[in-house]
Q: 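Let me begin by handing over the structure; questions about it come next.
Residue numbers begin at 1 in each chain, while the letters A, B, ... track the order of the sequences.
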2 protein chains.
Amino acid sequence: MNKLSLRDRKKEATAHALAESAYQLALERGLDGFVVEDVVQRAEYSRRTFANHFACKEEAVVMAAMSFDGVEEAEAELAKMPENATPLDVLYRWLKLQFTADLFRKMRTLVSMSQQHPTLEPYILSLFRRLQREAQEALNELFAGRHPEGYTHLLIGAVYGAILPIIDGSLQVQLPGDQVDETPDVVSFDQYLDRSFGYLRDGF
Amino acid sequence: MNKLSLRDRKKEATAHALAESAYQLALERGLDGFVVEDVVQRAEYSRRTFANHFACKEEAVVMAAMSFDGVEEAEAELAKMPENATPLDVLYRWLKLQFTADLFRKMRTLVSMSQQHPTLEPYILSLFRRLQREAQEALNELFAGRHPEGYTHLLIGAVYGAILPIIDGSLQVQLPGDQVDETPDVVSFDQYLDRSFGYLRDGF
DNA sequence: GCGCATAATTGCACAATGGGCAACGATTTG
DNA sequence: CAAATCGTTGCCCATTGTGCAATTATGCGC
């Protein structure tokens, strides 16, 4: 179905390798502990090629840190949903499927990195914006014409807004797959999600 | 009340002058039609000083393009709101007050710029994120303890999400203060806002 | 008003970056 | 198989970011 040409797969592979190298180096030495030259040496590509794929090392690091996997499984699951499911239902299910402990771990790492290096934030936000656009197109396709224009924008925006403060650490929740925190009064991600969708479903 | 020291006002003045120069140059020659050197020459500062205030010219341009004015008037208006106003009411009123034709014109300009130069987008998003945080703190202070944690995050996130597609052009609405478009089937900003807040108030 | 602490501006130097251009090689197309 | 397409690379150079130290302007206690 989604068949990419050999050429495109290779291109993606180099981008992936470069991003991964950048991410590993960021973990090992910190964001300013390495330069693009180090990245391309590790991945065995040229500096020029790096510039063809990424604007800067920050972009590469974020790209690697936020790579989703299991997208196709999730889409298969979503396809199984009942015919009368609402956009809200689909979004809820999608969040439950995609926001795994592993993804949260990645995001946590990225967050703590971006707290020490504010240079990262714009690129994190930019990547999230791209994901948001993709989700929107998917929803628009699923529910084409069934809701007035702007409905999905608002809905996804709300969900995006609900997730963002967790990502950037301004709202502390107990993430799935984490050890139980020393402060047991923080709400769990699932509770937070349920409550949030409650507001969206029934109004504020 | 908000009295800044002379030193701080001067600092802000240089930042403003630099940002303004950058913005003007971007309008005149396009984003890649000038370099930082040009900016500091026009504003009569040194290249080093520019670097003290901004990470790059993109940041400066966005800063200038999105400067809000009339914030204090808006706050005065909000203070007059009835005691039993909900966060939703306050946000609605604030949007009506702040999102003037002038601000929209600025944002439009910035959007068309960022479509030709994707480098801008991360910095636009970053600035918006900062505004979002500020709005959130303001709301949290106003309604301290009256709503569960995450309530304002979700609410402001939704509003943010509703505005964003207008900013970035993926949702076309008739902005206040614009000529009537040649395509009369686009919804007006006020209608869009009312409908959106309807969803938020009554549920999706 | 007089100094001292604080902090902004500046110049300098240098490593790092971004990107145009042309060449080369792998992949795709017909 | 030949031609076209496109990713990778090297070369080059203007531009950028930043640490450091000197200079200048402001804030504050006296």
Q: What does the B/S/- profile of nucleotides 7-13 of chain D look like, 5' to 3', with a 4.0 Å heavy-atom cutoff to protein?
A: SBBBBB-
Q: Go through residues 19-34 of chain B and report each residue with a non-hydrogen atom lying under 4.0 Å from DNA chain D, sorted by number.
A: none
Q: Could you list the protein-to-nucleotides 1-3 of chain D atom pairs, N/O on both sides, closer than 3.5 Å?
A:
none

Q: For B:Trp94 and B:Phe99, take the angle between the two ring planes, folded into 0 to 90°, and tell me which bin it lands in: parallel under 30, tilted 30 to 60, perpendicular over 60.
A: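 If you compare the ring of B:Trp94 with that of B:Phe99, the planes turn out perpendicular.
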Q: Parallel, tilted or perpendicular for A:Phe104 and A:Phe189, by the 30°/60° rule?
A: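 Perpendicular: the ring planes of A:Phe104 and A:Phe189 meet at over 60°.
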Q: Tell me which donor-acceptor pairs under 3.5 Å the side chains of residues 17-26 of chain B have, and how far apart each pair is, sequence neighbours excluded?
A:
residue	atom	partner	partner atom	Å
B:Glu20	OE2	B:Gln24	NE2	3.4
B:Ser21	OG	B:Ala17	O	2.9

Q: Quick one: do A:Glu28 and A:Arg42 make a salt bridge, cutoff under 4.0 Å?
A: yes
Q: What is the distance, to the nearest angstrom, from the CZ atom on B:Phe54 to the C1' atom on D:dT18?
A: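 Going from B:Phe54 (CZ) to D:dT18 (C1'), I get 17 Å.
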Q: Keeping the roles fixed (side chain from B:Asp194, backbone from B:Gln191), state whether a donor-acceptor pair exists under 3.5 Å.
A: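 No, B:Asp194 side chain to B:Gln191 backbone: no donor-acceptor pair under 3.5 Å.
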Q: Under 30°, 30 to 60°, or over 60°: which ring-plane class applies to B:Tyr199 and A:Tyr151, parallel, tilted or perpendicular?
A: perpendicular
Q: Is the backbone of B:Leu31 close enough, under 3.5 Å, to the side chain of B:Lys57 for a donor and an acceptor to pair up by distance?
A: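 Checking the backbone N and O of B:Leu31 against the side chain of B:Lys57, a donor-acceptor pair under 3.5 Å is found.
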Q: Over how many whole Å does the gap from A:Leu6 atom CG to D:dT5 atom P extend?
A: 19 Å
Q: Among residues 110-123 of chain B, which residues get a heavy atom nearer than 4.0 Å to DNA chain D?
A: none
Q: Is the closest basic N to carboxylate O distance between B:Glu12 and B:Arg9 below 4.0 Å?
A: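 Judged by the 4.0 Å cut-off on N to carboxylate O distance, B:Glu12 and B:Arg9 do not form a salt bridge.
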Q: In terms of ring plane angle, is the pair A:Phe54 and A:Phe50 parallel, tilted or perpendicular, where the classes change at 30° and 60°?
A: tilted
Q: Is a donor on one side and an acceptor on the other found under 3.5 Å between the side chain of A:Ser126 and the backbone of A:Pro122?
A: no
Q: Are more than 12 heavy atoms from other residues, nucleotides or ligands located less than 6.0 Å from atom NE2 of A:His16?
A: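 No, the 6.0 Å shell around NE2 holds no more than 12 heavy atoms from other groups.
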Q: Assess whether a salt bridge exists between B:Glu134 and B:Arg130, defined as any Lys/Arg side-chain N lying under 4.0 Å from an Asp/Glu carboxylate O.
A: yes
Q: Would you call A:Glu75-A:Arg93 a salt bridge at under 4.0 Å N-O?
A: no
Q: Is there a side-chain contact between A:Leu95 and A:Ile163 (heavy atoms, below 4.5 Å)?
A: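 Sidechains of A:Ile163 and A:Leu95: in contact.
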Q: What is the 5' to 3' range of DNA chain C, first to last nucleotide, that sits under 4.0 Å from any heavy atom of chain A?
A: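 Contact boundaries, 5' end first: C:dA16 to C:dT28.
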